[in-house]
Amino acid sequence: MEHTPAPYAPRAVYGYAMYIGSNMLFLLYVIWAIVPDEVLHDHLGLSYWPSKYWAVAIPIWALTALATFAFLIYPAVNMLITPNTDDMRTVTDKHALQKTETIPGGIPPVFDIPITEVSRKLYLRKNSS
């Protein structure tokens with residue numbers, strides 16, 4: 001079978017099953033976190049449940065891990081793979097469009113302005129003498 005992101009019957013069934021399963025797990029989590037242990041034991045006959053501490057600790061740990069990743073690890077990895085400022089890859093790459101000849105009176109083509117021209121226009125002072 002071809003690998004495609006397009007929906008097809010088995011993927012729809014698995015997606016629906018995962019949707020129902022995740023909603024059921026969330027419902028069980030909320031019941032476990034809110035309903036007192038005495039009610040769970042006396043009325044439902046459930047004798048062992050993890051401590052209510054974990055109902056709060058697990059989401060907090062997960063959010064802390066997510067925040068650590070989002071604000072520390074992800075930017076650090078991006079900084080590691082970014083070329084140095086004196087590297088030629090910060091100026092141009094293989095996808096750069098070079099300036100080509102134009103027909104007089106025609107529409108000029110799209111191209112990347114060379115960094116030397118940009119620097120000359122921005123930073124080179126004109127002599128007024």
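- When the side chains of ILVMFWY residues are joined at heavy-atom separations under 4.5 Å, either directly or via intervening members, Ile34 and Leu27 end up in a single hydrophobic cluster.
- By the side chain to side chain contact (heavy atoms under 4.5 Å, CB included) test, Thr85 pairs with no residue at all, sequence neighbours left out.
- Separation of atoms CD (Glu117) and NZ (Lys99) is listed at 6.5 Å; rounding is to 0.5 Å.
- Placement of Leu66 and Ile60 in two distinct hydrophobic clusters is found when ILVMFWY residues are connected by side-chain heavy-atom separations under 4.5 Å, directly or transitively.
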- Query: Run the salt bridge (Lys or Arg N to Asp or Glu O under 4.0 Å) check on Asp37 and Lys52 step by step: do they pass?
  - Reply: CA-CA 9 Å; Asp37 286 336; Lys52 300 286 182 169; 3.8 Å; yes
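- A 4.5 Å side-chain heavy-atom check between Leu40 and Trp49 finds at least one atom pair inside the cut-off.
- A continuous path of Ile, Leu, Val, Met, Phe, Trp and Tyr side chains, each step under 4.5 Å between heavy atoms, connects Tyr53 with Ile31, placing both in one hydrophobic cluster.
- Through chains of ILVMFWY side-chain contacts below 4.5 Å, Tyr19 is grouped with Tyr16, Ile20, Met24.
- In this structure, the separation between OG1 on Thr82 and CG on Asp87 is 11.0 Å, given to the nearest 0.5 Å.
- Side-chain contact check for Leu25 versus Ser22: every heavy-atom pair is 4.5 Å or farther apart.
- Within the 4.5 Å cutoff, side-chain heavy atoms of Thr102 are placed close to those of Pro109.
- Panel note: side chain Asp93, backbone His95; a donor-acceptor pair is recorded below 3.5 Å.
- Of all the heavy atoms in Pro59 and Tyr29, the pair that sits closest is CG-OH, 3.2 Å.
- Shortest non-hydrogen contact noted between Arg89 and Pro83 is NH2-CB, 3.8 Å.
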- Message: ring-ring contact (aromatic ring centres under 6.0 Å, His included) for Trp54 and Trp61? Distances and angles first, verdict last.
- Response: CA-CA 10 Å; Trp54 295 108; Trp61 286 3; 5.6 Å; yes
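- Of the inter-residue distances, the one linking Asn78 atom CG with Ile73 atom CD1 reads 12.0 Å to the nearest 0.5 angstrom.
- Nearest heavy atoms, Phe69 versus Pro75: O-CD, 4.1 Å.
- Cluster membership for Leu97 and Ile107, using ILVMFWY side-chain heavy atoms within less than 4.5 angstrom, is not shared.
- Taking a 6.0 Å sphere around CG of Leu63, one finds it holds more than 12 heavy atoms contributed by other residues, nucleotides or ligands.
- Using a 4.5 Å cut-off on side-chain heavy atoms (C-beta onward), Ile113 and Lys121 make no contact.
- Atom OH of Tyr74 is surrounded by 12 or fewer heavy atoms from other residues, nucleotides or ligands within 6.0 Å.
- In the hydrophobic cluster analysis, where Ile, Leu, Val, Met, Phe, Trp and Tyr join through side-chain heavy atoms closer than 4.5 angstrom, Leu28 is grouped apart from Val30.
- In this structure, Leu46 CG and His41 NE2 are separated by 9.5 Å, a value rounded to the nearest 0.5 Å.
- Asn23 places no side-chain N or O within donor-acceptor distance of the main-chain N or O of Phe26, the cut-off being under 3.5 Å.
- Summarising the geometry of Thr92 relative to Ala96, their closest heavy-atom pair is OG1-CB, 3.2 Å, with the distance given to 0.1 Å.
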